[in-house]
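Read through the structure below, which is laid out as structure tokens, and then see the notes.
Proteins come first, then strands; the chains are lettered A, B, ... in the order of their sequence lines, and each starts at number 1.
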Amino acid sequence: MTASRRVPWTLIVFVVLATVPWVGSRYDTFLAAQIVIDALFAVSLNLLLGTTGLVSFGHVAYFGVGAYVCGILMKTYGVPFVLAFPAAGLGAALFALISGYFCVRLIKLYFAMLTLAFSQIVWAIAYKWNDVTGGDQGLPEIPYPNLDWINALPGCGDLRISDKFYLLTLALVAISLAVLHRIVRSPFGRMLTTIRDNPERAAFIGVNVRAYQLAAFVVAGAFAGAAGALYGIFSRGVFADYVFWSKSAEVIIMAILGGMDFFWGPPVGALVIVWLNQKITAYTEYWPFVLGAILLVLLFALPGGIVGGVHALWTRLRGRGRA
Amino acid sequence: MLEIAKLSKSFAGFRAVSEVSLTVATRQIAAVIGPNGAGKSTLFNLISGHLQPDAGTVRLDGRDITGVAPHRICRMGVGRSFQRTNIFPKLTVFENLQAAFLVHHGQGLNFWGRSEPFYREEVAALLASIGLRGQERTLAGTLSYGNQKQLELGLALASDPRILLLDEPTAGMSATETDETIHLLERIAGERELTLLFTEHDMEVVFSIAQKITVLHQGRVIADGAPDAVRDDAEVRRVYLGHGLVRGE
Amino acid sequence: MTALLDVQNIHSAYGLSRVLFGISLDIAAGECVCLLGRNGVGKTTTIRSVMGLLRPTSGRVVWKGADITGWAPHRVARAGIGFVPEDRRIFPELTVAENLAVGARAAHRPGRWTSEAVFGLFPVLQQLRDRRAGFLSGGEQQMLTIARTLMGNPELLLLDEPSEGLAPLVVEALLTQIGELKRQGLTILLAEQGVGFSLALADRVYVLEKGEMRHTGPAAELRDDPELRERLLAL
Amino acid sequence: MAPSFLFSQFMGGLTTAMFLFLIASGLSLVFGVMRVINFAHGSFYMLGAYLAWQVMRWVHPSSGGFWLAALTAALGVGLLGVVIERLFFRSLYGREELYQLLFTYALVLILGDAAKYIWGVDQLSVSAPPVLAGSVRMFGTQQPLYSLFIIVLGPLIAFFGWLGLNRTGVGRMVRAAQMDREMLDALGANVRTIYTGMFAFSAFLAGLSGALVTPIESIVPGMDVLIIVQAFIVVVIGGMGSFWGTFWGSVIYGQVLSFGILILPGFSLFSVFALMAVILIVRPWGLFGRPL
């Protein structure tokens with residue numbers, strides 16, 4: 001099976017997504033932006049959940065730190081996006097390094113609880129530190145970065161600023177996902193999967209389990225921060241609500257709904273959740289109820305997620321075809 | 001090569017290992033035997049760094065390795081297999097062994113390379129030598145029990161150890177599987193010039209390959225020496241076969 | 001002779017690792033039968049399969065004529081099979097008296113075994129009745145484990161490696177106490193690797209090797225024939 | 001600072017603490033016995049509050065009515081606990097912890113919206129039973145009788161809970177189940193029934209505390225997720241699964257919250273989260289818990 005003979009699905013998907021501002025409505029662009037940002041967020045979580053086997057219940061903290069760092073730098077200090085965006089990733093990574101150092105010392109449920117606690121500390125700070133974070137008012141009206149250079153590209157001259165930012169977001173997410181994909185497939189990624197599968201044995205083939213877990217935690221935190229930074233600008237503001245613990249649960253649901261054993265599972269989960277959310281909130285305010293019901297179906301009927309289910313079905317059909 | 005001096009470990013007041021001393025010479029095949037609960041597994045865990053001893057020292061080539069973390073002891077050339085099979089069940093056989101090679105060659109923090117092409121030949125060669133040729137793509141968890149044990153041996157060998165600790169290498173195997181495993185172990189120890197320290201309950205296995213036997217009972221060493229001497233030791237016979245009790249009736 | 005317990009050709013496995021390859025055995029009321037063999041040959045697995053702690057992949061476990069294969073452990077216990085595990089497993093933070101009370105309450109089988117009767121058999125436990133079980137010595141814990149199971153008034157006692165890791169003096173005491181239970185007519189299935197201990201108690205033995213039955217016969221045969229003993233179990 | 005002011009803060013902290021204890025004790029119990037972290041515990045608390053309000057609408061708002069409402073609410077929530085455990089939770093015991101966590105989270109979502117659908121989004125309130133409506137003078141401060149009632153009730157429940165767990169046959173079985181579930185099963189006890197009972201009792205306690213909080217806090221959607229995080233912190237500070245740990249964890253939480261306002265105005269929430277993080281860093285198993 002050579003790479004050249006395979007259909008470049010991911011490339012096709014990204015090209016299709018890039019056409020949205022031209023072929024779709026303003027609302028479609030809005031939806032697409034949310035999906036790609038959430039996809040990055042969910043994939044970063046899955047580096048912990050699916051790849052390393054760490055159940056983080058506070059991943060939204062790093063998303064939030066990224067959003068606030070970028071938002072504060074751009075709005076309060078007028079720092080350009082080119083600097084503020086990497087700063088958001090670095091800030092989130094730094095916070096992940098500090099909190100992760102303590103979290104990886106714990107196992108299982110205790111790990112989940114400590115990550116939850118750290119995320120609630122971030123929430124408490126965001127909610128109360130009026131001078132810096134805007135407190136419960138949040139930080140509205142974060143400026144768009146200057147994107148005039150996009151005008152130079154063919155066919156982009158008459159795009160709205162929000163469309164341009166969407167294209168920038170798409171490009172940044174694509175690069176981030178490519179990097180994450182590479183990391184998961186790298187020797188380092190292989191080490192993480194051994195830890196997920198059997199941490200005790202991993203130590204006995206010479207893996208420093210905690211150090212690798214911490215490294216994964218920091219990488220996941222950095223990309224969550226990047227997603228947060230994009231989200232803050234995209235939604236025109238950063239608010240304490242972004243950091244509340246139930247958001248961590250939501251992104252876990254995305255990862256599991258898509259299928260956490262597969263790299264492209266979480267993006268599929270993000271797509272389904274965001275799309276369903278938009279469709280259902282148009283009819284009823286009881287979105288959480290629907291989400292809960294989806295979760296129940298998932299837990300009891302489809303534990304491998306959508307991609308996992310499709311994969312199992314595909315394997316079975318192919319097996320039958322051969323037999 | 002391996003020197004253990006006065007090693008002790010207690011769990012909640014229960015002395016699992018008590019002042020155990022033993023040495024294993026380079027390229028020696030040594031066995032530790034004893035009834036259930038005699039402290040064999042605890043002793044192994046103390047050597048490989050999984051447990052911290054309360055007292056005593058473990059030296060490898062004269063270097064004190066007492067209380068060093070397991071992953072570092074592993075890198076110093078101590079390989080280990082477990083009583084209950086201990087592999088990476090959701091990874092393929094190839095991925096299992098490749099992981100061990102990657103760590104051993106310090107590639108673990110390589111974030112960027114594609115892991116797939118790494119150590120293909122090495123894994124294939126190792127698989128051939130442990131009798132799992134061509135099983136690269138099988139999920140490790142779906143291997144038969146005997147094959148899982150072989151894979152586990154492969155995991156220990158991938159780090160190119162100088163000494164191998166094997167905890168009951170034939171536990172739960174059928175008679176044929178046991179035979180195969182023993183031949184495999186002998187051959188590999190010879191080829192790779194390995195020092196072997198193993199625990200075993202199957203006495204046929206022990207007496208067929210061990211050059212030196214240490215008998216543990218209730219955490220203490222009650223006999224230590226050449227197989228024949230141990231076989232005829234009165235204390236060992238009493239503890240193991242319990243003649244004393246039968247006669248005392 | 002109708003069997004009280006009849007194990008018919010059971011195969012058992014932990015996940016993918018098969019441990020038992022067709023074990024059959026039977027015990028008549030009042031008998032003391034011993035499963036002999038080194039560790040790792042499947043004695044514990046046989047007992048766990050009878051108790052319902054492990055579901056055999058095939059074969060049947062028949063208790064007083066009723067098929068109890070795959071019953072939940074508490075149903076097996078309430079049917080009259082008492083289980084004494086190899087690793088003691090007392091409730092460490094409960095006192096001796098509380099451990100016994102749990103044993104009685106769990107099985108719901110009133111009968112001759114009360115705290116007083118149990119203390120009669122194991123006088124040392126009476127002095128320790130208010131001590132936390134976690135602070136008992138190995139031998140005391142072993143006695144407590146047996147006593148706790150007796151509180152449920154079983155008809156058959158499954159004893160897994162009772163002499164394991166105990167000092168010789170304690171083993172002697174235990175031997176007397178289990179002998180007393182046997183004399184009182186309790187049916188006992190004993191799993192042991194200590195040949196002396198088991199031959200002192202058993203009427204019949206089954207010798208296990210690598211998950212299969214290697215030999216079965218009266219205990220006297222092994223007691224009187226050192227050669228057979230060597231051959232089956234020797235170093 | 002005036003002593004009377006400090007006393008007021010102290011009493012305020014104590015009231016908060018005892019409420020939290022009522023809620024967290026059930027959470028801790030379920031974790032201790034079943035090793036499950038139940039996010040839906042806060043939802044049970046919220047349902048208790050709504051049910052109490054509902055019953056109060058049907059009965060006369062007398063003292064007797066209030067107690068009847070509280071008891072009915074608690075029993076109703078306990079019954080819901082039985083249903084949930086039997087229908088769903090059972091099949092999840094063998095599964096990974098992540099799935100158990102997510103299941104309880106699904107309950108949070110579903111129960112939260114169900115409450116919104118039935119009772120709407122407006123704030124509801126219940127007045128204190130007439131017997132406890134007044135206040136008394138203590139050290140130059142006015143202390144509401146109802147607060148005093150809660151401050152007395154907390155230790156009482158702690159004491160009887162401890163008594164039940166340590167001095168009764170049922171309590172012994174529960175503790176045995178906590179130590180070695182399989183062994184208890186092999187002795188003849190139906191551990192599944194014990195689990196159902198524990199889950200239901202824990203839900204009952206949550207429902208009761210929800211009903212009892214109604215005279216001092218209004219009933220609103222969202223009270224479930226707010227309380228559950230606080231209850232977690234209490235349980236984690238005290239040591240998961242430790243009964244007295246939960247009690248002292250609540251007391252510490254209440255006081256830190258109460259006096260944290262004085263030291264870091266506006267940052268009292270931060271101070272309790274920080275407290276929890278510090279404790280977990282120094283003693284990951286909590287103040288009264290046991291090393292992992």
Most contacts with chain B, counted as non-hydrogen pairs under 4.5 angstrom, among Asn198(A), Leu192(A), Val179(A): Asn198(A)
Most contacts with chain B, counted as non-hydrogen pairs under 4.5 angstrom, among Ala203(A), Ala202(A), Gly189(A), Ala211(A): Ala203(A)
Non-hydrogen atoms of chain A under 4.5 Å away: do they reach the side chain of [X], the backbone, both or neither?
{"X": "Glu152(B)", "value": "both"}
{"X": "Ala69(B)", "value": "neither"}
{"X": "Arg114(B)", "value": "both"}
{"X": "Ile87(B)", "value": "backbone"}

Ring pair (Phe, Tyr, Trp, His ring centres under 6.0 Å) between His71(B) and Phe204(A), worked out: CA-CA 6 Å; His71(B) 67 270; Phe204(A) 280 114; over 10 Å; no
Thr199(B) versus Pro169(B), closest heavy-atom pair with distance: O-CD, 3.3 Å
Shortest non-hydrogen separation from Gly141(B) to Gln148(B) and the atoms involved: O-NE2, 3.3 Å
Chain A interface, residue from Phe82(B), Phe118(B), Phe88(B) that has the most non-hydrogen pairs under 4.5 Å: Phe88(B)
Check: Phe44(B) ring centre within less than 6.0 Å of His50(B) ring centre: no
Centroid-centroid under 6.0 Å between Tyr101(A) and Phe217(A) rings: no
Side-chain heavy atoms of Phe198(B) within contact of Ile29(B), under 4.5 Å: yes
